[in-house]
Chemist: 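Below you will find the structure I want to go over with you.
Just so it is clear, the model here is predicted, and its values are computed rather than measured. Below, chains carry the letters A, B, ... as their sequence lines are ordered, and counting in each starts from 1.
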Amino acid sequence: MEYPFMNIEKKWQDIWQEKRIFNPEDKSEKQKYYVLSMFPYPSGALHMGHVSNYSIGDAISRLKLMQGYNVMQPMGYDAFGLPAENFAIKHHSHPRITTEENIRIMQKQFNSIGLGFDWEREISTCRPNYYKWGQWFFKKMYEKGLAYKKSSFVNWCDDCQTVLANEQVEDGTCWRCDSVVRQKELEQWFFKITDYAEELLDFSKVIDWPERVKTMQTNWIGKSFGTNIHFKLENSDEILKVFTTRPDTIFGCTFMAIPPEHPLVIKWLKEEANSEMQKFCDKVMNEDKISRTAEDATKEGIFSGRFAINPVNGKKVQIWITNYVLMDYGTGAVMAVPAHDQRDFEFAKKYDIPMIIVIQNPEKTLELDEMEMAYVKPGILVNSAQFDDIDSVASKKVISDWMKENDMGEQTITYRLRDWGVSRQRYWGNPIPVIYCEDCGTVLVPDEELPILLPENVQIGKTTKNPLLSVDNWVNVLCPKCNKPARRETDTMDTFVDSSWYFARYTDAHNEKKPFDEEIADYWLPVDQYIGGIEHACMHLLYARFFHKFMRDIKLVKSDEPFARLLTQGMVTKDGAKMSKSKGNIIDPQYIIDRYGSDTLRVFMLFASPPEKDVEWSDEGVKGAFRFLNRIWRIFEENLYFIKSNMNNSTSESIASNMKKLRFSTHYTIKKVVEDSDKKMQFNTAIAQIMEHLNNIYAIKDFEKLNYHEKYIYAESCTILPKLLYIFAPHVSEELWKMLGNNELVHETGLPKFNPDFLKKDEINYVVQIMGKVRGQFDISVNASQEEIKKIALNIPNVQKYIEGKEIKKIIVVHRKLVSIVAK
RNA sequence: GCGAAAGUGGCGGAAUUGGUAGACGCGCUGGACUUAGAAUCCAGUGGGAGUUAUCCUGUAGGGGUUCAAAUCCCCUCUUUCGCACCA
């Protein structure tokens, strides 16, 4: 007989809801614990990845609930964005309608899993009461000079008809649709995340984040120390600034390399018609990003006919327009030192540009005509005037200091991180609260007019242009300042803006006066445990940190970081590949829940592997989890009366050794499960320990014959099960707890405590090693002296066999573990 | 190419202040129950030798440190992830 999970799960879900155990008060004497799993896009169906993610969050929050914390675990929907718009186009509907419909469907699924979410705090980013505050934040950004508009080359996806942030371009293709991203010049809104670059590199305020994520963000921000060197243009007062991390190679500079996008190039082309140069520039700029930045892309260039003057020695160097220099890094210009930079080397070889060796290899003297690649390692300076013979590493500072003194340049820091482009040319997003007036320029929409509602009557999918442009009565407004006809901004915000502050909105989800109340937010924030996929390392997690620091600076929050602890969970795979529709390897969680119940699915997910690793789906594994819950159920079903009547009759009778072992197992299991779940979040080993304990219980057969004390020990070994299992399988645990006659809910009585006395052993098992190989073992009283232990070890017949005729050089006794004999 | 992490039975995974490798689960084998199956229970299960006792071998491969190495050090290989003309 299978245990009746169907009745049990629904019943307890209703009771939890009725007793409001997941609806914490905002002000409480209890210490708070805020558990958050990344909210889903409302696709209309929960998939295994969600279940795996939320099982982890729920296990943590149930544990914290038992430990007496005031636990908040909210949930909502990341509802704006392109997929919703495309979904609506496909179904000939409106994204608002399809999204709300999808949310209703997902809500039902959420309910059937019995996750401890506080639904009273639910948010959906596409609802006006939420996106109003996104617009408000945009205004604040603008007022603080952190939101600005500029024309720039942006990543453009033709398929999605919109701009992509750098983070959303993967290998030159769109992260959503995989089509090739090209560069397009557009007027765009940006958030000045670079103002916070330095602080974002500082992880000292987070409590526990995976090193991997910190490294990824650090690399993404890409701080590098270098020098800006000023090259004068020949016959001109203009200065070409270059950024270099190798000022030690300045005397080896033989040409300058700049990209076609460089302002100087644009100016030159305006000044004089040069068809060859124009042709080259057009060609490079029209190339898509993937081929332009491909690993094997050939370096190309054209001589501009102009020269720059090397400030350190007055030498004339040619200025080349090239395809391998990036406009948006450093100063967008490179001093090329072909002898000591591989890229410049290849370019110089191809166009026959001279090279000068300025760093000598101390191990093997470099000869120009023998060089097959650039020498990029440190060495001794040569051909560098007064700096000759200095070590190249040390010379960096010497040379840049000297240049600063002589106004040739200055030390500087450059970041790879760019400002965050937030404009999207799509309908289903948060409108940017800006109005353009011919007289007043860029005007912010007044607070009392927020939220700017998205118009309903949009013909999405019918136009290749920004859909909002087609809604005349929405676009055309009166200027808030001068009341003359003006036009709305028709771009909407990147959905990552919506998800950059949602964790704070949950603390006060229904506030109509402000994004959230500062005091309430201060009680809950930061999030104690955040759980989500690693794929957000350089996007969502970086943006959210930036936003949080911004919110701190405008006095909305007090903490420095949004997420104190971060757990990046693995994905659910089947046959080694991520579950996806296109691969056809999807298992519907609802099907599993209907067949085995939510508790089984959770136990399977948490047991299959540690949370940060991928979970390989296994039908047999699910059955195994189900079997485990059934085994627990059966113990209670068959022996309920015995357990109940022996729960409280502890006596002082002496007990048999197998019962001592069972008592040890009981208390060790409490210790191990709590430790593994709480600090390490290794639920797989915690569950394994419960399984092992269950095996130990099953090993006791004729318990009717036990004495009272032993019966009590048996009963105790069973009664801890529902309490520990509650972390992973809460429904069945509540039911068993109730069967034992308890009227309180499981978490209300707290975690069981182990008695350290019962973990002490009378005897210790020692292993005997001879030259590192195990040759015997013995049990001995914990009180035995070193001498006794050695003596017994040496007397084991099998040990005798190996030491016979040999000289014992040393005997090492490892406390409570082993005896190691060195014999030759 | 650079950087990071990892590599343990047929499978998922345990064990790293160095101290009995393979916990727990899946699968498999044998047995009990059953007319039979399912379910359940019991026993076994890294490879090899042996009737047992026990022995040899074994944590990607090679070398080293140590009484003792999955764990520490060096080299090589493989996989995964991130970055990738960033000056």
Side-chain angles (χ1 to χ4, degrees), chain A residues 1-2 170-171 210-220 222-224 226-227 242-246 249 257 292-299 322-326 328-337 340-344 346-347 414-418 534-535 537-538 603-604 607-610 613-625 627-628 630-631 634 672 682 684-695 698-699 701 765-777 797-798 801 808-824:
Chain A
M1 275 292 284
E2 291 176 355
E170 295 168 349
D171 293 328
E211 281 308 314
R212 189 150 78 112
V213 176
K214 292 194 236 175
T215 309
M216 281 167 73
Q217 289 199 354
T218 304
N219 291 343
W220 188 263
K223 181 179 186 175
S224 59
T227 308
V242 299
F243 172 75
T244 181
T245 55
R246 297 295 305 273
T249 63
R292 190 167 163 187
T293 61
E295 194 179 348
D296 52 356
T298 48
K299 296 184 175 31
T322 69
N323 67 346
Y324 75 93
V325 175
L326 305 174
D328 49 6
Y329 183 77
T331 59
V334 168
M335 65 166 208
V337 185
H340 303 292
D341 182 286
Q342 188 57 28
R343 295 153 299 183
D344 300 341
E346 284 167 32
F347 192 85
T414 293
Y415 301 92
R416 208 185 72 113
L417 182 73
R418 318 282 153 77
I534 184 89
E535 66 273 18
C538 296
V603 168
F604 165 73
F607 178 65
S609 69
K613 281 185 76 172
D614 291 350
V615 174
E616 170 69 15
W617 182 261
S618 157
D619 291 332
E620 297 306 320
V622 175
K623 284 186 201 164
R627 197 175 300 150
F628 164 60
N630 273 297
R631 265 162 70 85
R634 214 174 303 124
K672 173 95 174 146
Q682 285 210 3
N684 56 334
T685 51
I687 293 170
Q689 183 56 42
I690 299 179
M691 289 174 169
E692 201 169 342
H693 180 57
L694 185 63
N695 290 342
Y698 265 83
K701 289 299 173 199
N765 182 258
Y766 276 86
V767 165
V768 186
Q769 288 186 349
I770 298 165
M771 301 306 288
K773 287 192 190 282
V774 179
R775 299 300 181 191
Q777 55 180 306
N798 199 46
K801 208 168 90 188
I808 294 171
K809 301 210 160 175
K810 205 162 43 164
I811 301 177
I812 299 150
V813 179
V814 180
H815 183 57
R816 289 180 161 235
K817 286 214 168 101
L818 60 75
V819 181
S820 188
I821 301 166
V822 188
K824 280 197 175 164

Chemist: Can you sort out the partners of A:N219 under side-chain contact (heavy atoms from CB on, under 4.5 Å), two or more places apart, ordered by chain and number?
Modeler: A:T215

Chemist: One character per nucleotide, please: for nucleotides 41-57 of chain B, 5' to 3', B when the base has a protein heavy atom closer than 4.0 Å, S when only the sugar-phosphate does, - otherwise.
Modeler: SS-----------SSSS

Chemist: Assign B:G30 to syn or anti; the rule is syn for a glycosidic angle within 90° of 0 and anti otherwise.
Modeler: anti

Chemist: Determine the interatomic distance between P on B:A21 and the same-named atom on B:U57; round to the nearest Å.
Modeler: 13 Å

Chemist: Using nucleotides 63-67 of chain B, report all nitrogen or oxygen pairs with the protein that are shorter than 3.5 Å.
Modeler:
from: B:C67; atom 1: O2; to: A:S820; atom 2: OG; distance (Å): 2.4

Chemist: In whole Å, what is the span from the NE2 atom of A:H693 to the P atom of B:G25?
Modeler: 14 Å

Chemist: Can you measure A:L694 atom CG to B:G25 atom C1' for me and round it to whole angstrom units?
Modeler: 13 Å

Chemist: Suppose we screen for salt bridge (charged side-chain N to carboxylate O under 4.0 Å, His left out). Which residues come up paired with A:R246, at least two apart in sequence or across chains?
Modeler: A:D248

Chemist: For A:F347, check ring-ring contact (aromatic ring centres under 6.0 Å, His included) against everything at least two apart and list the hits.
Modeler: A:F255, A:W320, A:Y324, A:Y351

Chemist: Holding to ring-ring contact (aromatic ring centres under 6.0 Å, His included), I want the full list of residues that pass it with A:Y329, two or more places apart in sequence or in another chain.
Modeler: none

Chemist: Using atom CG of A:L417 as one end and atom C1' of B:C83 as the other, report the distance to the nearest whole Å.
Modeler: 14 Å

Chemist: Would you mind reading off the distance between A:D328 atom CG and B:A87 atom P, rounded to a whole angstrom?
Modeler: 13 Å

Chemist: With sequence neighbours excluded, what pairs up with A:A688 under the side-chain contact (heavy atoms from CB on, under 4.5 Å) test?
Modeler: A:F607

Chemist: Just to verify, what does A:K613 make a salt bridge (charged side-chain N to carboxylate O under 4.0 Å, His left out) with, not counting sequence neighbours?
Modeler: none

Chemist: For RNA chain B, please output the secondary structure as dot-bracket, reading 5' to 3'. Pairs are Watson-Crick or G-U wobble, both atom distances under 3.5 Å; mark crossing pairs with [ ], other-strand partners with |, unpaired with a dot.
Modeler: (((((((..(((......[....)))((((((.......))))))((((....))))..(((((..]....))))))))))))....

Chemist: Check if the side chain of A:K299 and the base of B:C85 share a donor-acceptor pair of N or O atoms closer than 3.5 Å.
Modeler: yes

Chemist: Which residues pass the salt bridge (charged side-chain N to carboxylate O under 4.0 Å, His left out) test with A:E535, sequence neighbours left out?
Modeler: none

Chemist: Classify every nucleotide of nucleotides 4-18 of chain B by which part a protein heavy atom approaches to under 4.0 Å, writing B for the base, S for the sugar-phosphate alone and - for neither, in 5'-to-3' order.
Modeler: --------BSSS---

Chemist: Applying side-chain contact (heavy atoms from CB on, under 4.5 Å), can you list everything that pairs with A:D341, at least two apart in sequence or on another chain?
Modeler: A:R343, A:D344

